[in-house]
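Not measured: the values here are computed from a predicted model. In the text below, chain A, chain B and the rest are named by the order of the sequence lines, each starting its count at 1.
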Amino acid sequence: MKVISVEDVSKKFVLSHSRPTNLADAARNVFSRAPREDFWALKNINFEVEQGEAIGIIGPNGAGKSTMLKLLTKIMKPNSGRLRTRGRISALIEVGAGFHPEMTGRENIYLNGAILGMTRREIDGKFDGIVAFAELERFIDTPVKRYSSGMYARLGFAVAAHVDPEILIVDEVLSVGDAGFQNRCSERIREIKRLGASVVFVSHNFSAVCSVCSRVIGLWCGVTFADCGPSEAIAKYRELLAYDVKPSVKTGDGMEGEWQSDMTIVKVESVSSAGNWRAYTDDSWTLRIHYSALKTVSRPEIALRIITSEGIVIAQPCTIDYGQARDVCGSGVVEFRVDRLPLVPGRYGVEVFVWDTNGLTAYDHGRHAYDLVVLDDISQATEIDLPKPGIRFGLVKLPGEWIFEAPDIQGGSCATP
Amino acid sequence: MMLSFMHHEWMSVAVDQTAIEDNMRPVPTDDWPEEKTPSALSVLWRHRELIYSLTQRDIRSRYKQSVLGIAWALLQPLAMTAVFTVFMSMIDKSPSGPIPRPVSIYIGMLPWTFFAGGLTGGTECLVGNFNLITKIYFPREVFPISAVLGKIIDLGLGVLVLIAMLALFHVRLSGWILFTIPVLLVQIALMLGLTFMLSSANLFYRDVRHIMPLLTQIWMYVSPIVYNLDRVPHKYLRLYMLNPMAGMVDAYRRVALEGVPPIWNYLGYSAVFSIVVLLLGYWMFKKLEPKFAEII
């Protein structure tokens with residue numbers, strides 16, 4: 001039995017570049033139409049979900065994932081197409097939205113429960129379970145404004161997780177709480193699934209998607225690019241990322257006046273066998289920084305920073321730390337060479353900046369940010385020989401190898417000792 | 001946005017694939033639950049616990065962490081009554097009839113405080129709950145309804161003070177006092193209708209929140225709150241009575257204090273006006289509701 005059916009669904013937002021928010025503007029706009037632009041957040045989306053099935057939705061930021069969830073939960077209506085659902089939908093979307101800071105944890109459980117569609121009697125029955133799940137037994141009669149953000153989020157999730165939904169919608173909430181709490185959350189999602197509910201799971205965390213979902217829908221700029229098994233969808237996603245690469249140079253931030261422009265970065269190039277601003281895991285990669293110094297600059301701190309899309313700094317090599325700083329004057333090029341790039345496949349940000357030798361004055365900072373796409377064997381290969389493994393999890397590929405100390409298997413049979 | 005050439009290529013591929021799959025897939029025979037819009041009253045009944053919880057939140061949060069707590073609800077109309085009793089006694093020396101002036105003003109001030117407070121709170125009820133509106137779906141009319149209901153507790157406490165005042169000033173009561181209840185229902189209908197309109201309008205144009213205090217202030221002076229209806233010059237009376245609150249406040253005073261029936265023409269007009277506003281407000285609210293989450 002199908003519980004979700006999405007037929008040809010499209011959703012449009014109007015980006016009027018000066019939306020009137022007061023009456024004077026509105027009156028003015030009657031006479032002169034403000035520039036408007038249609039933005040299709042989702043275009044002709046089709047998919048179905050069977051009862052008990054768990055599907056994942058992946059895609060980069062701005063691909064339409066959140067809009068899809070808002071359509072599924074009926075917060076928004078599609079502009080065209082038909083979207084049908086069967087049964088009670090519960091969404092774990094930014095939990096704790098209905099909390100009131102002045103009210104106690106106990107009062108908020110009842111309030112949030114009612115918001116999520118539970119009856120008072122239902123909440124009475126589940127109350128102890130909710131409190132235990134959130135581990136807030138001692139603080140349940142404290143106003144939630146005194147809670148830490150972790151306690152707040154745990155309580156929110158605990159309430160939402162105790163609604164018995166027929167369709168559970170999860171939007172990237174597993175990042176709250178400590179590891180133990182996260183485990184309980186995943187366990188709870190699997191339990192809800194075991195009870196026969198369908199799950200729609202949106203996440204950037206591919207390992208979580210793989211562990212929960214049997215099917216993945218990939219969204220890219222509002223259209224579906226995949227509706228298949230998780231590993232296949234993730235491979236397609238990485239392939240798309242590789243095509244989308246474009247170095248984005250921000251110029252003239254208006255910050256320039258505050259700097260001493262004794263030394264500026266003229267150009268940054270990425271050199272590898274994979275092409276412009278692309279590189280392969282385990283392959284060589286070189287960053288060439290063209291600079292220009294107006295006068296002799298004593299041992300400047302030239303640095304690059306590699307960050308994930310979540311903003312985590314993976315590495316920040318700089319000339320001072322590497323003990324390789326030297327005086328510069330005039331125009332020149334400095335390279336940072338990596339023999340075997342240990343980054344796992346994915347999309348990274350690369351920022352380049354120059355400070356004085358003490359790190360007190362910025363010479364050139366914040367103008368040079370680029371996207372670097374790291375690929376692996378999967379992306380190089382055609383779709384036919386897909387099963388070849390690449391690194392899927394983690395941030396870096398550790399330089400190491402797996403060595404078995406076990407007897408060889410001869411002739412396909414396993415000799416038991 | 002991030003539209004580049006490659007995306008368009010992908011777009012066409014994706015659409016083609018689903019088209020092929022659609023042809024191969026058997027026509028779904030599942031019967032889907034029919035989508036019909038439930039009636040307003042059945043929605044209210046289904047979400048009664050939610051309305052109750054939100055109302056409770058409104059009331060509890062309003063007076064938390066204040067020393068006087070719920071007593072503030074009493075202070076507002078009482079203080080206003082005291083001020084206007086002194087003020088009106090200074091400018092209006094003529095005898096004010098058999099009813100002592102403080103009671104006469106209080107009987108107007110009490111429903112007015114409810115009215116003005118309900119509208120001010122109601123105007124903010126959608127904007128103030130934007131985090132719920134953009135995250136979770138349930139019929140949005142629960143917000144205006146619980147905003148208005150939340151003020152009823154204040155009114156109830158004010159009624160206790162009224163009873164004390166009636167006893168203190170030895171006001172003779174008649175059976176007509178029961179008629180305050182239908183008048184109150186008419187008032188609530190007007191408040192709900194206006195709150196439906198104001199809360200959704202405020203979502204689109206925040207000017208509404210700034211103009212409301214001013215409007216309610218002016219509205220109070222053009223209603224017979226601090227003076228009796230007989231003080232209104234006769235030539236302006238028809239114009240004056242276009243204000244639906246005028247008929248209601250006069251009705252409260254007549255049935256509760258003077259023990260006489262209300263002026264039916266005035267009250268009838270107020271009732272019709274209020275019900276039209278309620279229906280119009282609800283229609284407007286439901287019309288705009290799908291846009292709430294986007295426009296907020």
Side-chain angles (χ1 to χ4, degrees), chain A residues 1-2 5 13-14 19-26 39 43-48 60 62 70 73-77 84-87 89 91 93-95 97-98 100-103 107-108 110-120 143 218 220-227 240 243-244 246, chain B residues 1-15 17-19 21-22 25 28 30-33 35 46-54 56-58 60-65 129-138 142 204-208 210-211 289-295:
Chain A
M1 191 173 64
K2 294 180 181 66
S5 152
F13 292 109
V14 179
R19 190 177 79 80
T21 48
N22 61 53
L23 291 171
D25 279 353
F39 168 65
K43 198 115 176 75
N44 304 100
I45 305 293
N46 285 281
F47 67 89
E48 283 171 338
K70 288 196 168 159
T73 50
K74 301 200 167 91
I75 291 167
M76 291 182 184
K77 282 200 171 124
R84 290 176 300 182
T85 55
R86 198 198 305 269
I89 300 178
I93 300 176
E94 220 171 296
V95 289
H100 195 286
E102 295 285 352
M103 290 165 64
E107 290 166 336
N108 269 307
Y110 280 95
L111 175 64
N112 222 21
I115 287 168
L116 294 170
M118 283 196 269
T119 63
R120 238 187 144 65
W220 187 277
C221 291
V223 296
T224 39
F225 68 83
D227 183 351
L240 273 175
Y243 284 129
D244 188 48
K246 43 178 185 284
Chain B
M1 287 315 287
M2 298 201 308
L3 278 170
S4 75
F5 173 71
M6 288 316 299
H7 300 152
H8 289 294
E9 218 167 71
W10 258 107
M11 205 181 290
S12 62
V13 170
V15 171
Q17 269 178 357
T18 50
E21 279 168 22
D22 268 345
R25 210 178 283 148
D30 301 43
D31 49 328
W32 290 87
E35 292 165 37
R46 195 138 32 90
H47 291 88
R48 61 191 185 282
E49 295 207 358
L50 179 56
I51 293 172
Y52 174 77
S53 289
L54 286 173
Q56 199 182 27
R57 177 186 76 167
D58 251 32
R60 290 207 185 166
S61 60
R62 208 171 329 141
Y63 301 112
K64 278 243 165 137
Q65 212 171 26
N129 283 301
F130 80 96
N131 53 350
L132 282 181
I133 288 177
T134 54
K135 300 282 153 46
I136 302 166
Y137 180 75
F138 43 80
V142 299
F204 290 80
Y205 303 112
R206 300 290 197 273
D207 307 64
V208 177
H210 298 294
I211 205 156
E289 188 183 352
K291 290 193 179 152
F292 286 173
E294 291 171 39
I295 219 84

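Using a 4.5 Å cut-off between heavy atoms, B/F292 does not touch chain A at all. Residue B/I51: no heavy atom, backbone or side chain, is found under 4.5 Å from chain A. Residue A/F13 touches chain B through its side chain alone, counting heavy-atom pairs closer than 4.5 Å. Only the side chain of A/L116 comes within less than 4.5 Å of a heavy atom of chain B; its backbone N, CA, C and O stay farther away.
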Go through B/L132 and A/I115 one step at a time and tell me if the side chain to side chain contact (heavy atoms under 4.5 Å, CB included) criterion holds.
CA-CA 9 Å; B/L132 282 181; A/I115 287 168; 3.7 Å; yes
Give the C-alpha distance, both sets of side-chain angles, the deciding distance and a yes or no for salt bridge (charged side-chain N to carboxylate O under 4.0 Å, His left out) between B/R60 and A/E102.
CA-CA 8 Å; B/R60 290 207 185 166; A/E102 295 285 352; over 6 Å; no
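A donor-acceptor contact shorter than 3.5 Å is absent between the side chain of B/E49 and the backbone of A/A114.
To the nearest 0.5 Å, the span separating CD on B/Q56 from CE on A/M103 amounts to 6.0 Å. Distance check, rounded to the nearest 0.5 Å: NZ of B/K135 to NZ of A/K70 gives 6.5 Å. Atom NE2 of A/H100 and atom CG of B/D58 lie 7.5 Å apart (nearest 0.5 Å).
Taking all atoms of both residues into account, the shortest heavy-atom contact from B/I136 to A/I75 is N-CD1, 3.5 Å. Here the closest non-hydrogen pair linking B/Y137 and A/K74 is CD1-O, 3.2 Å.
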